[in-house]
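All figures in this text were calculated on a predicted structure; none of them were measured in a lab. Counting convention: from 1, in listed order, for ligands and their atoms alike.
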Amino acid sequence: MEITKYPEHLAIIMDGNGRWAKKQGLLRALGHEKGAQSVRQVLEYCVEHHIPYLTLYAFSTENWNRPALEVKALMELLVKFLRKEADELDKNNVRLNMIGNLERFPEKVKNTLVGVIDRLKHNTGTTLTLALSYGAREELLTTIKRIAQQVEQQQLKVDAINEDIIQQHLYTYDLPNVDLLIRTSGEYRISNFLLWQIAYAELYFTDVLWPDFTKKHLEEALISYQNRERRFGKISEQLK
Ligand code: FPP
């Protein structure tokens, strides 16, 4: 089937790297390495098909609780990926963005990220957003504090707070709402990802483990998305 309707904002919970590695009798870190190849494929697809926003859940606030060795491996993989891919990202007109709380990240990771974000900031193609040390509740808490501060400083009236004001203070203030959210590996959870932004997103779950996820699987998700009717609370006839 031909795909004619693409989401503007695609978000992915990339799950199953550990299980993939275990199945092959490999260390978990190797599952993440293979997972990075799926990231490359999905990003390539978004570039080729002009999907403007791709947001990936790469590291949650809860992931800090994993064994230190695995956290270290993930950090190194991220640095390696960014350094290795920077030229390619630039060539493909990709802009890099990050959401989350970078404070806990090692200097090397922070510097690499900030450097690549800066290098790609004038690009106008797909925006790749990496959610790193990200949790939606933490984001909402930060948002509420930012708004409360404005009220406290009498720059904003309580009555003037509306959904647009909230949107403007989220980490994703410059991204549109999510249209399609994919989660791999047969888990049916949101796991504290983009809670505000997925209010009207279509959800797609697949049993495929993230390291096995290819362009073909992405196309299956996009076909499912295209065949759905998004009513945003209205009835079918009102959409015609
Ligand atoms: C979930 O699998 C995946 C993660 C916690 C990390 C995602 C990271 C990558 C795909 C690495 C590369 C990312 C970039 C942006 C280069 P899991 O370990 O929870 O799997 P499990 O549930 O099977 O244990």
Item to complete: Closest by any non-hydrogen atom to atom 11 (C) of ligand 1: pick that one out of Leu77, Ile13, Leu132.
Response: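 The option holding the nearest heavy atom is Leu77.
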
Practice prompt. Decide if the gap between the ring center of Tyr171 and the ring center of Trp196 is smaller than 6.0 angstrom.
Written response: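 No, too far apart.
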
Practice prompt. Flag the pair His49 / Tyr45 as yes when their ring centroid distance falls below 6.0 Å, and as no otherwise.
Written response: yes

Per-atom contacts, ligand 1 versus [X] - under 4.0 Å to a heavy atom:
X      : answer
Leu130 : 15 (C)
Ala58  : 6 (C), 7 (C), 8 (C)
Phe81  : 16 (C)

Polar atom proximity, [X] to ligand 1 (N or O, under 3.5 Å):
X      : result
Gly18  : yes
Trp210 : no
Arg28  : yes
Arg66  : yes

Please determine, by modelled atom types, if [X] and [Y] share a side-chain donor-acceptor pair under 3.5 angstrom.
X      : Y      : answer
His9   : Gln197 : no
Thr142 : Arg146 : no
Tyr134 : Glu139 : yes
Ser185 : Trp210 : no
Thr127 : Arg95  : yes

Shortest protein heavy-atom distance from [atom], along with the residue and atom involved:
atom                    : answer
atom 13 (C) of ligand 1 : Val39 CG2, 4.1 Å
atom 10 (C) of ligand 1 : Asn17 ND2, 3.4 Å
atom 1 (C) of ligand 1  : Met14 O, 3.1 Å

Item to complete: Give the cluster check for Tyr188 versus Ile198: same hydrophobic cluster or not, with ILVMFWY residues linked at side-chain heavy-atom distances below 4.5 Å.
Response: yes

Measuring from non-hydrogen atoms of [X] to any atom of ligand 1, is the shortest distance under 4.0 Å?
X     : answer
Asn63 : yes
Lys22 : no
Glu33 : no

Worksheet item: Taking 4.0 angstrom as the limit, do Glu85 and Lys91 come out as a salt bridge?
Response: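 Salt bridge between Glu85 and Lys91, a charged N being under 4.0 Å from a carboxylate O: no.
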
